[in-house]
Amino acid sequence: ADAIDVGAIREEFPILQREFDGQQVVYLDNAATTQTPDPVVDAMSDYYRESNANVHRGIHHLSQEASEAYEAAHDRVAEFINADGREEVIFTKNTTEGENLLAYSWGLAELSPEDTVVLTEMEHHASLVTWQQIAKRTGASVEYIRVDETGRLDMDHAAELIDDDTAIVSAVHVSNTLGTVNPVSELTDLAHEHDALSFIDGAQAVPNRPVDVKEIDADFYAFSGHKMAGPTGIGVLYGKRDLLEDLNPYLYGGGMIRKVTFEDSTWGELPWKFEPGTPPIAEAVGLHAAVDWLEDIGMDRIETHEEELAAYAYDRLEAEEDVEIYGPEGGPDRGGLVSFNLEGVHAHDLTSIMNDHTIAVRAGDHCTQPLHDKLGVPASTRASFYVYNTREEIDKLVAALDDARQLFA
Ligand SMILES: Cc1ncc(COP(=O)(O)O)c(CN[C@@H]2CONC2=O)c1O
């Protein structure tokens, strides 16, 4: 596929023209959140201006329009990830809520002391802490698939850990710290060989590459709107329909019920059963527009663009003898981000220097503290890329290292 037209894309992001101290912003913090193109902002503004009403099919024109827009967003997302229709697409607040929905509605009900939850050492706190706490409450145990010295999963260790005691395997598709692209189909197959469920955290995958949940055969898959050129306040939990049919909700209220009496209640149809109360309607409209906008570029082309930028960043940083990079070398095993440290300079100081050059990167543990403990560093600096980033921006990042060396090293 031909390269994406970054110049044309940047025209749709006024925020990228912003300057601080006379320097144009260099936004390299996309793994935290991506910027929002005009068509997405316009779709949400138009909704509020012209179609705003509450959903659940109120008997008036505006509610009909709002309901249709909200339902169409479910259909569009289902198509985008190759789910079997809106029944398999639950709108949540974000990836974190999707993981908690599964942990509370399935984990609390199904896990017992005989069960094991298999995670990886590179899990984000959204899944690691969630499963760790649900395991404590149910008596289940938690085991972690090792990350090897290249930053990849040790799949021999995975095959050892995943056995007949395993109830669920929960793995990140692309690590938000290492950039590692994990073999999620293989992990899912291992889980299914032992009648265990497979949950995949796709927060750093769905925005950046083609994702086909049926090809992966994951039982559940979560991601966020704000990391894929969409708004904050909306995420998706995909689930296989037959599994969702058997799950009981853990959040109750209006819109999710079929019949309510003073004695008891019964639950509504999928996906509404898991969407109590007034949902993020404008955000759903925005997410729909974001999916259209991304597909217009092409997910294959986005994946190639990010892989090339990450490989370029990896090579440029690798050439600096006082820089330590975490995760695999550039190529198909690395998504669009690079975490690193500059010898003798704390990540927070480096990131502050970067900010002096109006370069936005992120310092910290990236919600993967156990992984940083394993790496033996308290924090790292992470540059993460999206469709509007260029090699020239990476050159600015590398050039700013010298300031940090002069000041701190
Ligand atoms: C792999 C992964 N899983 C789950 C989440 C949680 O997503 P929500 O915040 O939308 O629920 C994130 C967010 N990434 C964090 C957010 O900021 N910086 C990061 O790397 C993530 O990268």
Side-chain angles (χ1 to χ4, degrees), residues 27-36 77 81 90-104 119-133 144-145 147 151 153 169-182 184 187 198-209 211 216 218 220-238 280 283-284 286-287 290 306 310 326-327 334-340 347-348 351 354 360-372 375 379-386:
Y27 186 77
L28 301 175
D29 195 20
N30 294 285
T33 201
T34 53
Q35 296 303 340
T36 315
V77 169
I81 61 172
I90 299 165
F91 281 167
T92 59
K93 184 167 64 253
N94 50 31
T95 302
T96 304
E97 186 182 36
E99 310 207 39
N100 278 273
L101 193 165
L102 179 61
Y104 276 90
L119 306 175
T120 78
E121 289 181 330
M122 63 172 89
E123 290 313 295
H124 184 282
H125 293 165
S127 56
L128 194 151
V129 178
T130 304
W131 289 117
Q132 176 193 78
Q133 296 307 311
Y144 298 89
I145 301 170
V147 173
L153 284 185
V169 176
S170 175
V172 65
H173 194 157
V174 176
S175 166
N176 66 310
T177 295
L178 301 171
T180 310
V181 181
N182 288 320
V184 287
L187 285 166
S198 152
F199 168 80
I200 302 299
D201 166 352
Q204 301 292 349
V206 168
N208 315 85
R209 61 188 54 235
V211 169
I216 296 168
F220 299 94
Y221 194 105
F223 55 98
S224 297
H226 69 94
K227 296 185 193 282
M228 52 187 285
T232 53
I234 191 162
V236 175
L237 176 67
Y238 156 80
E283 290 78 3
L287 181 59
E306 287 193 32
Y326 308 106
R334 173 179 283 275
L337 63 97
V338 182
S339 296
F340 63 95
H348 289 111
T351 298
M354 291 290 166
V361 290
R362 186 159 293 258
D365 55 48
H366 316 302
C367 304
T368 59
Q369 277 181 23
L371 178 63
H372 276 80
L375 295 171
S380 58
T381 295
R382 182 188 64 192
S384 48
F385 316 112
Y386 211 30

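Hydrogens, waters and symmetry mates play no part in the numbers below; they use all other heavy atoms, side chains included. Order of appearance sets the numbers: ligands from 1, and atoms from 1 within every ligand. Positions are given from 1 along the sequence.
The atoms of ligand 1 that sit less than 4.0 Å from any heavy atom of Ala32 are 17 (O), 18 (N). Close contacts between ligand 1 and His226 involve ligand atoms 8 (P), 10 (O) [criterion: under 4.0 Å to a heavy atom]. The distance from ligand 1 to the heavy atoms of Thr96 drops below 4.0 Å at these ligand atoms: 6 (C), 8 (P), 11 (O). Each of the following atoms of ligand 1 lies closer than 4.0 Å to a heavy atom of Ser224: 7 (O), 8 (P), 10 (O). Every atom of ligand 1 with a heavy atom of Val172 under 4.0 Å away is listed here by number and element: 1 (C).
Looking only at atom types and distance, the side chain of Ser339 has no donor-acceptor partner in the side chain of Thr177 under 3.5 Å away. A side-chain donor-acceptor contact under 3.5 Å links His226 and Thr33. A donor-acceptor contact closer than 3.5 angstrom is absent between the side chains of Asn176 and Gln204.
Under a 4.0 angstrom heavy-atom cut-off, Ala31 registers as being in contact with ligand 1. Not a single heavy atom of Lys93 sits closer than 4.0 Å to an atom of ligand 1. Heavy-atom distances between His125 and ligand 1 stay at or above 4.0 Å for every pair.
At a heavy-atom distance under 4.0 Å, only side-chain atoms of Lys227, from C-beta outward, approach ligand 1. Contacts between Asp201 and ligand 1, counted as non-hydrogen atom pairs separated by less than 4.0 Å, involve the side chain only.
A donor-acceptor pair under 3.5 Å links the side-chain atoms of Ser127 to the main chain of His124, judged by distance alone. Formation of a donor-acceptor pair under 3.5 Å by the Glu121 side chain with backbone atoms of Val147 is found in this model.
For the pair Thr96 and Ala126, the tightest heavy-atom approach, listed with the atom from each and the gap, is OG1-CB, 3.6 Å. Here the closest non-hydrogen pair linking Thr95 and Phe223 is OG1-C, 3.0 Å. Closest non-hydrogen pair, Ser380 versus His372, comes out as OG-NE2, 2.9 Å.
Ring pair Tyr221/His173 is perpendicular by interplanar angle, where above 60° counts as perpendicular and below 30° as parallel.
Here the protein heavy atom with the shortest distance to atom 18 (N) of ligand 1 is Arg382 NH2, 3.3 Å. The protein atom (non-hydrogen) at minimum distance from atom 22 (O) of ligand 1 is Gln204 NE2, 2.8 Å. Closest to atom 21 (C) of ligand 1, if we only count protein heavy atoms, is His124 CD2, 3.3 Å.
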